[in-house]
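Fair warning: this is a prediction, and the values are worked out from it, not measured in the lab.
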Amino acid sequence: MKKIIIAGPRGKMGSEAVKLVQSQDDMQLVACIDRKNNGKRLKDVDGLPALDVPIFEDAQECFGQVDADILIELTIPEQGYRHTKAAMEHGIRPVVGTTGFTEEQIDELKWLASERNIGCIIAPNFAIGAVLMMKFSQLAAQYFQDVDIIEKHHDNKLDAPSGTAVKTAEMIKESREYKQQGHANEKETYPGARGADYDGMRIHSVRLPGLVAHQEVIFGSPGQTLTIKHDSLNRASFMDGVKLAADKVMEMQEVIYGLENVL
């Protein structure tokens, strides 16, 4: 039985994770971390299941008092990094869906994992289809140098571009010979019109109400285009990946960045 702490239970992803843990015979929810409702039980919070599970505002206090195996981290980048690091320091294995960590932060977590012999999985996207979209794009980049990434999310998302778009670009870079796209003398009439520049490719972020998580990778060459697209229509699409990561992280003694590395 894996004992689980969820950080961010009132969020859209966090509430789905609570349902996931409830539905699994080999998981037990033992605590939640929330920026509100400190000292309450989950059953005392409107909109959450009637579970007799304690809520902590302070992660250090939670990890010090609660016996747990895994932290499922689904908050925001600043909190997420602190929670992840603190969990590892307490011998708790993080499964992280929070995006926006810097390379320096990931490197520090890798060092901590090696020091503590503890596993951690950081996944910019837990949807299996999105992971396959990234892998297919990496393969296509061997044959197409010109590529634009268009990612679309709800208007409450804080980081841009999304972690999925950044991870996709990083994977494409591994396969693609560098090319600065577009005309050498092009000019943006409005700054940012051409999107972010990463290794010569372009990344565009759309933020609108009504969206969940969507991405298309468009490749172009003379006479043809290739579009690889994935859509998450609701947050339940991420839960298979969360379950997979929770199973795999128990076997690891390192930080894994990207769910494609455990498929």
Asker: Could you check whether any side-chain N or O of Q138 sits under 3.5 Å from a backbone N or O of I172, counting only pairs where one atom can act as donor and the other as acceptor?
Answerer: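 Such a contact is absent between Q138 side chain and I172 backbone.
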Asker: Using the rule given for side-chain hydrogen bond (donor to acceptor under 3.5 Å, both in side chains), can you reason through Q215 versus N125, listing the C-alpha separation, both sets of side-chain angles and the distance that settles it, and then say yes or no?
Answerer: CA-CA 11 Å; Q215 180 168 295; N125 199 315; over 6 Å; no
Asker: Any salt bridge linking E151 with K167? Criterion: basic side-chain nitrogen under 4.0 Å from a carboxylate oxygen.
Answerer: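 Not counted as a salt bridge, because no side-chain N and carboxylate O are separated by less than 4.0 Å.
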Asker: So, does H90 use its side chain to make a donor-acceptor pair with the main chain of I92 at under 3.5 Å?
Answerer: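 Not a single qualifying donor-acceptor pair exists.
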Asker: Decide yes or no on ring-ring contact (aromatic ring centres under 6.0 Å, His included) for F219 and F144, but give the supporting numbers first.
Answerer: CA-CA 6 Å; F219 296 91; F144 293 85; 5.8 Å; yes
Asker: Please test R93 against Q253 for side chain to side chain contact (heavy atoms under 4.5 Å, CB included), starting from the C-alpha separation and ending with a verdict.
Answerer: CA-CA 9 Å; R93 298 166 181 266; Q253 287 79 43; 4.1 Å; yes
Asker: Is there side-chain contact between D52 and K43, with at least one heavy-atom pair below 4.5 Å?
Answerer: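 Yes, their side chains come closer than 4.5 Å.
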Asker: Report, as yes or no, whether the 6.0 Å neighbourhood of atom CD on Q180 holds more than 12 heavy atoms from other residues, nucleotides or ligands.
Answerer: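 Yes, the 6.0 Å shell around CD holds more than 12 heavy atoms from other groups.
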Asker: Out of curiosity, L20 CG to S15 OG, how far, rounded to the nearest 0.5 Å?
Answerer: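 With rounding to 0.5 Å, CG (L20) is 11.5 Å from OG (S15).
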Asker: Rounded to the nearest 0.5 Å, what separation is found between the CD1 atom of I218 and the OG1 atom of T227?
Answerer: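 These two atoms lie 4.5 Å from each other.
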Asker: Checking side chain to side chain contact (heavy atoms under 4.5 Å, CB included) for the pair M13/F238: CA distance, chi angles, key distance, verdict?
Answerer: CA-CA 8 Å; M13 278 285 288; F238 304 116; 3.1 Å; yes
Asker: Drop me the distance from T168's OG1 to M201's CE, to the nearest 0.5 angstrom.
Answerer: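 So the gap between those two atoms works out to 9.5 Å.
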Asker: Once rounded to the nearest 0.5 Å, what's the spacing between atom CD of Q181 and atom NZ of K179?
Answerer: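 Nearest 0.5 Å value for the CD-NZ distance: 7.0 Å.
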Asker: Under 4.5 Å between any side-chain heavy atoms of L263 and L244, yes or no?
Answerer: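 Sidechains of L244 and L263: in contact.
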Asker: How close do A31 and F56 get, heavy atom to heavy atom, and via which atoms?
Answerer: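 So the two residues come closest at CB-CE1, 4.2 Å.
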Asker: Run I149 and Y198 through side chain to side chain contact (heavy atoms under 4.5 Å, CB included) and show every step you take.
Answerer: CA-CA 10 Å; I149 298 170; Y198 179 85; over 6 Å; no
Asker: Could you state whether V242 and I5 fall into the same hydrophobic cluster, counting links through intermediate Ile, Leu, Val, Met, Phe, Trp or Tyr residues with side-chain heavy atoms under 4.5 angstrom apart?
Answerer: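 Result: no, two separate clusters.
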Asker: Which atoms form the tightest heavy-atom contact between C32 and L42, and what is the distance?
Answerer: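 It is SG-CD1, 3.8 Å.
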Asker: Taking all non-hydrogen atoms of both residues, which atom of I70 and which atom of A246 are closest, and how far apart?
Answerer: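 For I70 and A246, the tightest heavy-atom pair comes out as CD1-O, 3.4 Å.
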Asker: Ring-plane angle category for Y81 and F101, please: parallel below 30°, perpendicular beyond 60°, tilted otherwise.
Answerer: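 Taking F101 first and then Y81, their aromatic rings stand perpendicular (interplane angle over 60°).
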Asker: So do C120 and M88 actually touch side chain to side chain, heavy atoms under 4.5 Å?
Answerer: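 When only atoms from C-beta onward are counted, C120 and M88 do touch, with a gap below 4.5 Å.
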Asker: Counting only heavy atoms not in K2, do more than 12 sit closer than 6.0 Å to its NZ atom?
Answerer: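 Yes, because the 6.0 Å sphere around NZ of K2 holds more than 12 heavy atoms from other groups.
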Asker: Taking the side chain as every heavy atom from C-beta outward, state whether H204 and D148 have any atom pair closer than 4.5 Å.
Answerer: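 In contact.
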Asker: Please determine whether residues I121 and I72 belong to a single hydrophobic cluster, defined as Ile, Leu, Val, Met, Phe, Trp and Tyr linked transitively by side-chain heavy-atom distances below 4.5 Å.
Answerer: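 Yes: a chain of side-chain contacts under 4.5 Å links I121 to I72.
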Asker: When you measure from the side chain of E188 to the backbone N and O of R194, does any donor-acceptor pair fall under 3.5 Å?
Answerer: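 It does hold such a pair.
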Asker: Applying a strict under-4.5 Å side-chain criterion to I, L, V, M, F, W and Y, I'd like to know whether L74 and L51 cluster together.
Answerer: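 Yes: a chain of side-chain contacts under 4.5 Å links L74 to L51.
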Asker: More than 12 non-hydrogen atoms from neighbouring residues, nucleotides or ligands closer than 6.0 Å to NZ on K248, yes or no?
Answerer: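 Check fails, neighbour count at 12 or below.
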Asker: Would you say L139 and S175 make side-chain contact, with heavy atoms under 4.5 Å?
Answerer: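 SC-SC contact between L139 and S175 ruled out.
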Asker: Check R176 with D199, please: is the shortest side-chain N to carboxylate O separation under 4.0 Å?
Answerer: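 A salt bridge is present here (some side-chain N lies under 4.0 Å from a carboxylate O).
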Asker: Apply side chain to side chain contact (heavy atoms under 4.5 Å, CB included) to the pair V206 and H153, showing each step before the final yes or no.
Answerer: CA-CA 6 Å; V206 177; H153 283 80; over 6 Å; no
Asker: So, are R10 and D34 salt-bridged, with charged N and O less than 4.0 Å apart?
Answerer: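 D34 and R10: salt-bridged.
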Asker: Any side-chain heavy-atom pair from T84 and L109 closer than 4.5 angstrom?
Answerer: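 Yes, their side chains come closer than 4.5 Å.
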Asker: Should D197 and R202 count as side-chain neighbours, where that means a heavy-atom distance under 4.5 Å?
Answerer: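 Counting from C-beta outward, D197 and R202 do come under 4.5 Å.
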Asker: In terms of side-chain geometry, is the basic nitrogen of K110 or E254 positioned less than 4.0 Å from the acidic oxygen of its partner?
Answerer: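 Answer for the salt bridge query: no.
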Asker: Grab the two heavy atoms, one from V255 and one from A113, that are nearest each other, plus how far apart they are.
Answerer: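 Closest approach of V255 to A113: CG2-CB, 3.7 Å.
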Asker: Any heavy-atom pair between the side chains of I4 and I6 that's under 4.5 Å?
Answerer: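 Heavy-atom side-chain distance check passes, below 4.5 Å.
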Asker: Which atoms form the tightest heavy-atom contact between I203 and P161, and what is the distance?
Answerer: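 So the two residues come closest at CG2-CB, 3.7 Å.
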Asker: Tell me the closest heavy-atom pair linking L226 and A140, and the distance in Å.
Answerer: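 Shortest heavy-atom contact: CD2-CB, 3.9 Å.
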Asker: Under a 4.0 Å N-O cut-off, is there an ion pair linking R35 with D58?
Answerer: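 Salt bridge between R35 and D58, a charged N being under 4.0 Å from a carboxylate O: no.
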Asker: Rounded to the nearest 0.5 Å, how far does CG of L211 lie from CG of D231?
Answerer: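 Reported to 0.5 Å precision, the distance equals 9.5 Å.
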Asker: Is there a path of hydrophobic side-chain contacts, each under 4.5 Å between heavy atoms, that joins I118 and L112?
Answerer: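 Yes, one cluster joins them.
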Asker: Between E16 and K19, is the closest basic N to carboxylate O distance under 4.0 Å?
Answerer: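 E16 and K19: salt-bridged.
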Asker: Under 6.0 Å from the CD atom of Q224, do we count more than 12 heavy atoms belonging to anything else shown?
Answerer: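 It does: Q224 CD has more than 12 such atoms within range.
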Asker: Can you spot which of I122, T75, D159 makes a side-chain contact (heavy atoms from CB on, under 4.5 Å) with T98?
Answerer: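 That would be T75.
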Asker: If only atom types and distance count, is the side chain of H230 paired as donor or acceptor with the main-chain N or O of I228 below 3.5 Å?
Answerer: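 The answer is no, because no donor-acceptor pair under 3.5 Å joins these two groups.
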Asker: Can you tell whether the side chains of E89 and R116 come within less than 4.0 Å, N to carboxylate O?
Answerer: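 Salt bridge: no.
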Asker: Using 0.5 Å steps for rounding, measure from the OG atom of S205 to the NZ atom of K157.
Answerer: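 Going from the OG atom of S205 to the NZ atom of K157 covers 9.0 Å.
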Asker: With clusters defined by side-chain heavy atoms of hydrophobic residues (ILVMFWY) lying less than 4.5 Å apart, directly or transitively, does M134 cluster with I150?
Answerer: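 Unlinked, I150 and M134 end up in two clusters.
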